[in-house]
> 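This is the structure I have questions about; it appears just below.
In what follows, every chain begins at residue 1, and chains take the letters A, B, ... in the order their sequences are listed.
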Number of protein chains: 2
Amino acid sequence: MSTAEQINPPPRLLMGPGPINADPRVLRAMSAQLVGQYDPAMTACMTETMGLYREVFRTSNEQTFLVDGTSRAGIEAALVSLIVPGDRVLVPVFGRFGHLLAEIAQRCEAEVHTIEVEWGQVFTPEQIEAAVVSVRPAVLAIVQGDTATTMCQPLADLGEICRRHDVLLYCDATASLGGNDFELDGWGIDIATAGLQKCLGGPSGSAPISVSPRAVEVIDGRKHVEAGIAEADDIGRGPRIGSNYLDLAMVMDYWGPRRLNHHTEATSMLYAARECARLLVAEGMDTAIRRHRLHGAAMLAGVQGLGLEVFGDVSHKMNNVVAVVIPDGLDGDGARTAMLEDFGIEIGTSFGPLRGRVWRIGTMGHNARKDAVLVTLAALEQVLRAGGADVTAGGGVGAAREVYAR
Amino acid sequence: MSTAEQINPPPRLLMGPGPINADPRVLRAMSAQLVGQYDPAMTACMTETMGLYREVFRTSNEQTFLVDGTSRAGIEAALVSLIVPGDRVLVPVFGRFGHLLAEIAQRCEAEVHTIEVEWGQVFTPEQIEAAVVSVRPAVLAIVQGDTATTMCQPLADLGEICRRHDVLLYCDATASLGGNDFELDGWGIDIATAGLQKCLGGPSGSAPISVSPRAVEVIDGRKHVEAGIAEADDIGRGPRIGSNYLDLAMVMDYWGPRRLNHHTEATSMLYAARECARLLVAEGMDTAIRRHRLHGAAMLAGVQGLGLEVFGDVSHKMNNVVAVVIPDGLDGDGARTAMLEDFGIEIGTSFGPLRGRVWRIGTMGHNARKDAVLVTLAALEQVLRAGGADVTAGGGVGAAREVYAR
């Protein structure tokens, strides 16, 4: 192994459902040298990052910070910190990531209730309220955008429903945040989590999170500072949170004014997360979302212009990803391999019932760009033709150009 | 917040107990662009990284990989995956991080038994075996190097003791790996975990781990593939692991030939972890450990040459950190601030009973270098003098130079 070479990944244009190419400015931010864990420059950087993510989540929540892990770590941190074993949790499932929320809630020893719609659809507020009334959960856990189906669940009414029935509302915004409307305070969401590797334009490995005051109260009601650093007045209270690493009561004490030692902050990922948010905020959240809407519309028009069918309820599609039905008789995985090997472009497959039935093509973060859309459509046309599909020559790029010309 | 500037941390020489400055080559590796999660280049990079960490841990364990989080995530992944609620776990505590292992084991609902020695000491194998006989634990969890006290616990006899009594042996090697002798196979350790931010010379945020075949058997006996990706023959077995994110049975399926989707690998941290190991392996593990021993000896001689007292049993000190007793009457925190603000050099404080009593000075990873040692000693002499301490002029640098001249 002593002959291992320095890292030299092949150039790829990542147009799948994420991870996507990181913005080069984010990669450069990660190459900044480290400072100590309690260096004033470090704590200032943490505090500044909290402020930037308040703008990204559109919230005034003081408790807006990072969990040191991938987006999945953020999900589990939120659920394990909220859920007391035996709590009823309601999960509306409209794709793979709903199953994930249910699975994580089960491991937190919740009594989990799910409702489901067919893949490719979303829930109405009435369906969700009826389930809330029937289940009477402590927590409603829902995904905003499920990349497995590309659907974007409307959330605007859920906060009011949850408050009316005294339910805490958790939302997994990993795939959607930064590319689709999201209003943490406006919609009454108690906890939302995300990741960097989708519309935020960074690498996986840091999970932005925001926690409302009423969720903070629940979580702080379960605070048990760990032995070895607890002081005399740190008397544990409430049912202890099942994880140490993902214990948000302790993580909030680390990010808060007390700066109580917990993990050693992943400084390079902090730099990355900060830069992702800084670029979005400088662009303007509304502008960034409009950019995702534009390039998503161009990609949608493009694949339709090639004569391909799109999966699911397009009126509820996320801006940043489209599911394309693989034409009958075409080797879907072979086409993906040709896209990657011949053109250096990655598009995605899907999971479960959609595995082998659709490709997923993303336009997000740094890759929500005209050149990325057009080159992907141009290559896809060639690959479809080579695979024997009936394809409209120039139809993909032409339809996308029309969207851009509007 | 839209006025936030690009990241520009102040230049610091990090000579505390870690995190330390990352090797610039590791930072450059992190600036490499991403590839897709299942790109052949990505899976090849993961496989290569597994091989490199086998050399770092000195093991032939197939299951040698990364947990996506800080070193603490690696500890919790190991313990939550091994411990079935109700299991007895024995933790010999000789510093803060022993308390952490006990705390995490408690959250895994183990029946935790601890034995303790005074801070600054380590255990004899006989003390540990007597406790094993008395407690009859399922798991013995122990720290190799506890930065809180600088002690390095001898481990060579523990594997045999554990096998004799049918106990699984977990070791937290976060602070020691790469800078002190460590023989995973040779010492019969079942699981070891680490972090990048100490002797490996990288940023915090990735936790290398290695799992022995007998520990794999225990963990795989608890495998429950999550809903949404499970296939017909994925029948859950054994008591389900309490965490999804830190479920090593699933993480091993992601790193293994099945490549079963779990989290989205934190690619930039993978690049960092790979580069840390690549540099160590190219240097040679024995050479790297000798380098830490040399510069640690120079720093020890240097602080003693300044007339300072060293805390703890120096014959069991880690190579990479020394605890220096703060001279009577000197403002310890004021001196640390002067080191940082006037000289750009960070040294550490400690925890619990040693808080305010010692400074901790590290020589590890990229900073296990002659110039880093000498400049730290030169600055410390000035700060001590300015603080009114009785200090031997030139005594620190002089004593360190003598070590280098040997």
Side-chain angles (χ1 to χ4, degrees), chain A residues 1-2 4 7 9-10 12 14 16 19 21-22 27-37 39 41 48 51-52 55 68-70 72-73 76 96 99-100 102-104 107 197 203-205 226-229 242-245 263-269 271 274-275 278 281-282 346 351-352, chain B residues 1-2 4 7 9-10 12 14 16 19 21-22 27-37 39 41 48 51-52 55 68-70 72-73 76 96 99-100 102-104 107 197 203-205 226-229 242-245 263-269 271 274-275 278 281-282 346 351-352:
Chain A
M1 294 303 307
S2 54
I7 191 81
R12 303 289 200 211
L14 303 179
N21 297 93
L27 296 177
R28 286 203 299 273
M30 296 183 84
S31 72
Q33 187 49 275
L34 310 182
V35 293
Q37 196 176 1
D39 192 304
E48 196 177 35
L52 288 164
E55 300 206 33
D68 280 9
T70 72
R72 183 177 287 237
E76 187 162 322
R96 177 194 164 191
H99 287 299
L100 177 62
E103 142 98 20
I104 293 174
R107 296 210 191 203
Q197 73 275 18
S204 172
E226 73 191 42
I229 58 166
S243 170
N244 173 297
Y245 187 64
H263 61 283
T264 298
E265 183 59 15
T267 310
S268 301
M269 289 308 307
Y271 292 170
R274 177 186 178 281
E275 187 69 3
R278 191 179 78 88
V281 168
E346 182 181 85
F351 300 104
Chain B
M1 294 302 306
S2 54
I7 191 81
R12 304 289 200 211
L14 303 179
N21 297 93
L27 296 177
R28 286 203 299 273
M30 296 184 83
S31 71
Q33 187 49 278
L34 310 183
V35 293
Q37 197 175 2
D39 193 304
E48 197 177 36
L52 288 164
E55 300 207 33
D68 280 9
T70 71
R72 183 178 287 239
E76 186 162 323
R96 177 193 164 191
H99 287 298
L100 177 63
E103 142 98 21
I104 293 174
R107 297 211 190 202
Q197 73 274 18
S204 172
E226 72 190 43
I229 56 165
S243 170
N244 173 297
Y245 187 65
H263 61 283
T264 298
E265 183 60 17
T267 309
S268 302
M269 289 307 306
Y271 292 169
R274 177 186 178 280
E275 187 69 3
R278 191 179 78 88
V281 169
E346 181 181 85
F351 300 104

> Salt-bridge test for B/Arg96 and B/Glu103: reply yes if a basic N is under 4.0 Å from a carboxylate O, no otherwise.
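Salt bridge flag = no for B/Glu103 with B/Arg96.
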
> Any donor and acceptor pair, going by atom type alone, linking the side chain of A/Asp68 with main-chain N or O of A/Ala266 inside 3.5 Å?
yes

> Check whether B/Ser31 gets within reach of chain A through its side chain, its backbone, both or neither, counting any heavy atom under 4.5 Å.
both

> So, B/Thr267 side chain and B/Glu265 main chain: donor-acceptor pair closer than 3.5 Å or not?
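Yes; judged by distance alone, with no hydrogens or angles, the pair exists.
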
> Report the option among B/Pro10, B/Ala41, B/Gly36 that has the most heavy-atom pairs separated by less than 4.5 Å from atoms of chain A.
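Going by pairs under 4.5 Å, I would pick B/Gly36.
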
> Select one option (side chain, backbone, both, neither) describing which atoms of A/Met269 are under 4.5 Å from chain B's heavy atoms.
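The answer is the side chain of A/Met269.
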
> What part of A/Glu76 gets closer than 4.5 Å to chain B, counting heavy atoms only: side chain, backbone, both or neither?
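When you check distances to chain B, only side chain atoms of A/Glu76 fall under 4.5 Å.
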
> Just to verify, what does B/Ala22 make a side-chain contact (heavy atoms from CB on, under 4.5 Å) with, not counting sequence neighbours?
A/Gln33, A/Leu34, B/Leu27, B/Pro203

> Relative to chain B, which of A/Ser204, A/Gly242, A/Gly205 shows the most heavy atom pairs under 4.5 Å?
A/Ser204

> For each of A/Met30, A/Gln37, A/Arg274, A/Arg28, tally heavy-atom pairs with chain B at distances under 4.5 Å, and name the one with the top tally.
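Top count of heavy-atom pairs under 4.5 Å with chain B: A/Arg274.
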
> Using the side-chain contact (heavy atoms from CB on, under 4.5 Å) criterion, which residues pair with A/Pro9? Sequence neighbours excluded.
A/Ile7, B/Ala32, B/Val35, B/Tyr271

> Under 4.5 Å from any heavy atom of chain B, what part of A/Ser243 do you find: side chain, backbone, both or neither?
both

> Regarding B/Glu226 and A/Arg72, does a basic nitrogen lie under 4.0 Å from an acidic carboxylate oxygen?
yes

> Which one wins on heavy-atom pair count under 4.5 Å against chain B: A/Ala73, A/Ala102, A/Pro19?
A/Ala73

